[in-house]
**Student:** 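Sharing a structure below in structure tokens format, with a few things to ask.
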Amino acid sequence: MCEDSHGGLGRRALFVTGAAAALTLGSVSFASAADGGQESRTVRGTLPPGSPDFVYVPVEVPAGVRELKVAYTYDRPSVPAGTMGNALDIGVFDDRGTELGGRGFRGWSGGARTEFFIRADDATPGYLPGPVREGTWHIALGPYTVAPQGLSYEITITLTHGEPGETAEPVYPPERAKGRGRAWYRGDCHLHSWHSDGRRTPAEIGELARAAGLDFINSSEHNTHAAHAHWADVAGDDLLVMLGEEITTRNGHVVALGTDPGTFVDWRYRARDNRFGRFARQIRRAGGLVVPAHPHATCVGCNWKFGFDEADAIEVWNGPYTPDDEVALADWDSMLVASVRDGRGWLPAMGSSDAHRSPDAVGSPQTVVLADDLTREAIQEGIRAGRCYVAESARVALSLRASGARGEHAGIGERLTVGRDTPVTVRLEVTGAPRCTVRLVTDQGVLHTSAPLPVSGSGVVEWRTTPSYAAYVRAELRHEAAAGPLPGPLAAFTNPIFLDRRADG
């Protein structure tokens, strides 16, 4: 139940937003006041285990408000080992309402902040500046996890009256940087700044991206596009900054990669609500790619449950290489096998740092894309086609090529069509991977493993096969294993080259 600062009990009602069920509490009302006047209301309540994904607190905002400020706290009781404690996210929708995919979104900070403000001329990172118009606003609470004892919270809403100030026209980064024509470009497409739950400013991320040898990055804040207008000064001739969002649902996360500036993608649904396809199509209409992130991550709500029919690529390697990345790599390889078995399209793989704060390394890993130029469209086209590989850093570079007996050849993400029993030479050239082992992986499994590369990190590996023996081939560079029969962690991996059997072969 909800209690305001005067001790009255608020109404509550369960309703459906067009997706997951949500709870709406009783309205909080304010009176008009003179310029410079402030008025606060405090709302208290307790959410039980099993609460809806979203709880809305309506706030009746009168005319003449200059600033809306919200501060909140909640209890964190001790729980037994293995039991979820309390975690409560927060955001806000304005007078245009909370409709799924509607225009009312004004910001989200998840659990990263304990307070926020919105004015016409400024807002807390993660929130959109603009006028605080008269009407019903909604504070959005997201009980991410609730302890068995329940989750008790307190919200203080403060309105400051006065002239609203002016909202500046947003300036966005350009869609083109000074490229090298058709070349391999390095990028990190999953990063977080202080505009969501990161601790770095966009300027700090830009500096780290350049130091990591990156040519492009993608803004991907959790459930907000508020950072889009804060990257123009970071971009330059040497760094392309694309804009997007990490849509963080309760059934998995997806990176919107390279959407039009100002694009907001809603996240308030689960797989059972059958809404993901609608928002995947929105991402593509806005010029972006749909990239499920860390599909086998073990954090609450991170495991991907929406399927991959709407995906343009998949983030197989996320941050430091861990067992869930190994599972994601194996699962992706199984999808490749199914694609050649069933004769259907395949899903390219990517890697990104998901860096939030020190010591998270921007650009580790990074996706290296063969693109016609350093533009949003060209980078996206290279990723969509699978003309890319993933490396742990800019030190690692590789070239994978398959050649037929008559000079036919294909590179990463391409197809080589020759007779079914025509010998094909697969050649991998590597630099920057000392003592790493090369594994050549096909639809039949690992068919070739090299000796460790020299300490110089450079080497060439060649292997011969035929289309009848291998429908595709991709390369993995592995560090030396610490112990046991399992392969060591990745230093790099490529998307496949497909070996098609010519009909008359």
Side-chain angles (χ1 to χ4, degrees), residues 295-296 314-318 321-342 346-351 365 367-368 386 388-392 396-403 410-416 418 420-454 457-501:
H296 292 280
I314 178 174
E315 186 188 76
V316 167
W317 184 354
N318 175 279
Y321 199 74
T322 55
D324 58 280
D325 297 305
E326 190 72 39
V327 173
L329 182 67
D331 191 46
W332 171 67
D333 190 70
S334 295
M335 288 192 277
L336 292 178
V337 174
S339 71
V340 297
R341 181 191 64 217
D342 301 337
W346 63 287
L347 193 62
M350 299 178 59
T367 300
V368 190
C388 50
Y389 66 90
V390 180
E392 64 182 356
V396 180
L398 54 83
S399 171
L400 181 67
R401 186 180 178 95
S403 302
I412 296 169
E414 298 176 344
R415 294 181 179 272
L416 178 67
V418 295
R420 58 178 291 119
D421 295 318
T422 298
V424 172
T425 299
V426 178
R427 179 182 174 88
L428 178 71
E429 300 178 18
V430 180
T431 59
R435 302 297 299 169
C436 285
T437 297
V438 172
R439 305 202 318 168
L440 297 179
V441 186
T442 78
D443 57 316
Q444 305 301 320
V446 179
L447 294 187
H448 180 78
T449 302
S450 76
L453 295 171
S458 300
V460 176
V461 174
E462 286 194 347
W463 176 63
R464 301 191 84 190
T465 187
T466 65
S468 62
Y469 191 48
Y472 65 80
V473 59
R474 60 180 185 84
E476 295 178 0
L477 274 66
R478 298 270 184 168
H479 290 286
E480 294 178 288
L486 295 177
L490 280 176
F493 76 92
T494 74
N495 276 291
I497 300 173
F498 291 92
L499 308 179
D500 287 349
R501 306 170 186 179

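Worth knowing before you read on, the calculation uses all heavy atoms, side chains too, and leaves out hydrogens, waters and symmetry mates. Treat the numbers as computed from the prediction; the structure is a model and nothing was measured. Residue indices begin at 1 and follow the sequence shown.
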**Student:** Given Y472, which partner from the list L416, N495, L336, L499 fulfils the side-chain contact (heavy atoms from CB on, under 4.5 Å) test?
**Tutor:**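 Testing each of L416, N495, L336, L499 against Y472, the sole residue satisfying side-chain contact (heavy atoms from CB on, under 4.5 Å) is L336.
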
**Student:** Heavy-atom distance under 4.5 Å between the side chains of L329 and Y321, does that happen here?
**Tutor:**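 Side-chain contact under 4.5 Å: yes.
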
**Student:** Under 3.5 Å, side chain of W463 to main-chain N/O of L428, donor-acceptor pair present?
**Tutor:**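 Here the side-chain-to-backbone pair does not exist.
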
**Student:** Less than 4.5 Å apart, any side-chain heavy atom of E392 and any of W317?
**Tutor:** yes

**Student:** If a pair satisfies salt bridge (Lys or Arg N to Asp or Glu O under 4.0 Å) and one of its residues is in residues 486-495, list it, with sequence neighbours excluded.
**Tutor:** none

**Student:** Any idea which heavy atoms bring V337 and V340 closest together, and the distance?
**Tutor:** O-CG2, 3.1 Å

**Student:** Just by distance, no angles: are the side chains of T322 and D325 close enough, under 3.5 Å, to form a donor-acceptor pair?
**Tutor:** yes

**Student:** Taking T494 for the side chain and A475 for the main chain, is one N or O donor matched with an acceptor at less than 3.5 Å?
**Tutor:**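 Yes, the answer is positive, given that a donor and an acceptor are paired below the 3.5 Å cut-off.
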
**Student:** Between T431 and S458, is there a donor-acceptor pair closer than 3.5 Å when you use the side chain of the first and the backbone of the second?
**Tutor:**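 Here the side-chain-to-backbone pair does not exist.
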
**Student:** Test side-chain contact (heavy atoms from CB on, under 4.5 Å) on V316 and V390 and set out the steps.
**Tutor:** CA-CA 9 Å; V316 167; V390 180; over 6 Å; no

**Student:** Once rounded to the nearest 0.5 Å, what's the spacing between atom CD of E414 and atom CD1 of I497?
**Tutor:** 7.5 Å

**Student:** Tell me the closest heavy-atom pair linking P365 and G351, and the distance in Å.
**Tutor:**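 So the two residues come closest at CG-C, 4.0 Å.
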
**Student:** List the atom of R420, the atom of P467, and the distance in Å for their closest heavy-atom pair.
**Tutor:**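 Heavy-atom minimum between the residues: O-CD, 3.3 Å.
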
**Student:** My understanding is that only residues two or more places apart in sequence, or in another chain, count here; which of them pass salt bridge (charged side-chain N to carboxylate O under 4.0 Å, His left out) with E476?
**Tutor:** R439, R474, R478

**Student:** Would you say P295 and I314 make side-chain contact, with heavy atoms under 4.5 Å?
**Tutor:** yes

**Student:** Can you find a heavy atom in the side chain of V473 that is under 4.5 Å from one in the side chain of T465?
**Tutor:**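 Of all side-chain heavy-atom pairs linking T465 with V473, none is under 4.5 Å.
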
**Student:** Are the charged groups of R427 and E429 less than 4.0 angstrom apart, N to O?
**Tutor:** yes

**Student:** Only pairs at least two apart or in different chains count here, so list each side chain to side chain donor-acceptor pair (under 3.5 Å) that has a residue in residues 441-454.
**Tutor:** none

**Student:** Specify the closest pair of heavy atoms between V396 and A492, including all atoms of both residues, with the distance to one decimal.
**Tutor:**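 The answer is CG1-CB, 3.9 Å.
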
**Student:** Can you see whether S468 engages D421 through a side-chain donor-acceptor pair at a distance of less than 3.5 angstrom?
**Tutor:**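 Indeed, the side chains of S468 and D421 share at least one donor-acceptor pair under 3.5 Å.
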
**Student:** First locate atom CG of L477, then atom OG1 of T437, and finally report the distance between them rounded to the nearest 0.5 Å.
**Tutor:** 8.5 Å

**Student:** Considering all heavy atoms of both residues, which atom of G386 and which atom of W346 are nearest to each other, and what is their separation?
**Tutor:** CA-CH2, 3.6 Å

**Student:** Shortest non-hydrogen contact from C388 to I412?
**Tutor:** O-CG2, 3.4 Å

**Student:** Can you measure from CD (E326) to CG (L490) and round to the nearest 0.5 angstrom?
**Tutor:** 6.5 Å

**Student:** Quick one: are D324 and N318 in side-chain contact, heavy atoms under 4.5 Å?
**Tutor:** no

**Student:** Going through the checks in order, is the side-chain contact (heavy atoms from CB on, under 4.5 Å) test met by Y389 and L398?
**Tutor:** CA-CA 9 Å; Y389 66 90; L398 54 83; 3.7 Å; yes

